[in-house]
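First comes the structure, then the notes that go with it.
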Amino acid sequence: MRRYPLIIDCDPGVDDVFAILVAYSKPEFDIKAICSVSGNVGIDLTTHNAQLIAGLLGLNCIVAKGAEKPLIKDVLPATDVHGSDGLGGYAGIFGDDRLSKLSDLSALEVERKILMESDEPVYIAATGPLTNIALLLSAYPEVKSKIAAISIMGGGINIGNVTPCSEFNYFIDPEAAYIVFNSGVKLMMCGLNVTLKATLTDIELNEMSGFHNTIADIGAKILSSYAANDAAIHDPCAILAISDPDMFQYKDQYVQIDTRAGITQGMSYVDETHSLDKEPNCRVFYDIDKEFFRKTIVKSVNI
Ligand code: BDR
Ligand code: CA
């Protein structure tokens with residue numbers, strides 16, 4: 001089977017945890033690193049949570065700490081959705097002995113090193129604000145040719161969840177999203193149009209609770225508070241877009257990001273009418289096979 005080298009750049013975050021679990025559960029992926037970024041909660045917590053999930057899974061990959069704030073804006077955590085610790089209050093239930101070791105290198109250096117040393121193109125799944133990725137592409141443009149694609153959970157077309165037009169990850173760091181969308185690197189985008197359909201029902205939650213293993217238990221626990229605030233498990237879509245593109249409907253489009261202050265800040269928009277006469281810069285995912293998604297999430301914790 002073809003295995004995709006993968007870097008997960010994330011801000012765990014309840015649904016980011018499920019992105020890691022789904023990637024781990026799929027033999028198609030060779031996870032090279034999990035890199036944290038400030039987003040749902042501050043950088044120390046997202047880093048801790050990345051170390052925790054990697055440690056609990058016994059994942060043999062690098063875990064590295066990324067940017068502590070967006071490029072220009074201030075931090076604006078989503079503790080109302082993810083809890084004050086990013087994991088719905090459950091981040092502290094294990095001792096530090098369960099944490100995966102943290103790299104001495106920054107996320108930026110780790111990502112550069114993995115990309116430059118790889119013999120084959122590497123996928124990046126970005127499930128938080130795009131700060132680390134924008135810094136990487138700006139500081140080390142030579143990595144661009146080593147990237148198979150950046151698969152992003154972010155944005156949405158004519159829809160938002162922070163403002164009427166803007167999704168959280170792009171709203172938090174719009175300048176970073178702008179840099180990534182103008183980088184020339186192959187992009188895949190699972191925005192709110194698709195991720196708001198990536199939901200679970202009580203059937204899956206009950207199935208997960210029935211497995212009685214550490215991962216399923218913590219998965220069910222962190223979802224219990226999250227689901228009351230956000231029914232969508234957004235971030236695993238960015239993983240599945242790489243391994244299982246046939247479960248989606250998608251189209252190659254020209255997409256841009258609005259960085260101007262106001263309710264459109266961080267908005268992603270598609271040139272549907274080709275009025276800009278630009279080549280597509282992104283594969284935009286629009287629809288999802290919900291049943292396949294639900295089965296995949298349940299399977300990811302049955303270990
Ligand atoms: C995105 O924002 C975060 O709260 C989630 O983890 C997801 O990446 C959804 O808008
Ligand atoms: Ca996220």
Side-chain angles (χ1 to χ4, degrees), residues 7-23 34-43 45-50 52-53 66-67 70 73 75-88 90-91 107 124-134 150-174 176-177 180 187-200 219 222-223 225-241 257 263 265-268 284-285 288 293 297:
I7 295 169
I8 304 177
D9 191 289
C10 57
D11 62 336
V14 172
D15 56 334
D16 301 79
V17 168
F18 278 89
I20 297 170
L21 296 178
V22 167
I34 301 177
C35 296
S36 63
V37 67
S38 165
N40 286 321
V41 284
I43 190 64
L45 289 168
T46 59
T47 306
H48 171 275
N49 297 342
L52 177 63
I53 299 308
K73 291 176 75 174
V75 293
L76 181 65
T79 45
D80 49 334
V81 179
H82 297 267
S84 59
D85 62 357
L87 296 184
Y90 294 100
I124 299 177
T127 65
L130 291 166
T131 320
N132 292 341
I133 313 293
I150 304 173
S151 181
I152 304 166
M153 187 286 128
I157 309 303
N158 301 327
I159 190 166
N161 61 0
V162 180
T163 80
C165 330
S166 309
E167 179 278 335
F168 179 81
N169 289 334
Y170 293 0
F171 180 80
I172 292 301
D173 199 340
V180 172
L187 304 178
M188 298 152 77
M189 169 173 143
C190 285
L192 294 173
N193 307 77
V194 66
T195 67
L196 287 175
K197 299 172 188 161
T199 55
L200 299 178
I222 63 176
L223 276 179
S225 58
Y226 174 86
N229 298 302
D230 188 347
I233 319 295
H234 309 271
D235 290 340
C237 294
I239 302 290
L240 293 168
I257 311 294
I263 60 162
Q265 191 176 50
M267 177 177 88
S268 48
V284 179
F285 290 72
I288 185 170
F293 177 82
I297 295 290

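Both counts, for ligands and for their atoms, begin at 1 and track the order of listing. Owing to the predicted nature of the structure, the values given are computational and were not obtained by experimental measurement.
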Give the protein residues with at least one non-hydrogen atom closer than 4.0 Å to an atom of ligand 1, ordered by chain and number.
-> D15, D16, N40, H82, T127, M153, N161, E167, F168, N169, H234, D235
N193 to I157 - nearest heavy-atom pair and separation | OD1-N, 2.6 Å
Matching residue for I133 among I7, I152, D9 - test: side chain to side chain contact (heavy atoms under 4.5 Å, CB included) | D9
Picking from V14, I20, D15, what satisfies side chain to side chain contact (heavy atoms under 4.5 Å, CB included) with D235?
-> D15
Point-to-point distance, once rounded to the nearest 0.5 Å, from OH of Y226 to OH of Y90 | 16.0 Å
More than 12 heavy atoms of other residues, nucleotides or ligands under 6.0 Å from CG of N229: is that the case?
-> yes
Which residues satisfy the side-chain contact (heavy atoms from CB on, under 4.5 Å) test with A78, sequence neighbours excluded?
-> N40, D80, H82, F168
Pairing residues for T46 by the side-chain contact (heavy atoms from CB on, under 4.5 Å) criterion, not counting sequence neighbours | D11, P12, S36, V41, I43
CD1 on I297 to CG on L21, rounded to 0.5 Å | 8.0 Å
If you leave out waters, which protein N, O or S atoms are less than 3.0 Å from the Ca ion (ligand 2)?
-> D11 OD1, D16 OD1, D16 OD2, T127 O, D235 OD2
Of all the heavy-atom pairs spanning A126 and I150, show the shortest one and how long it is.
-> CB-CG2, 4.3 Å
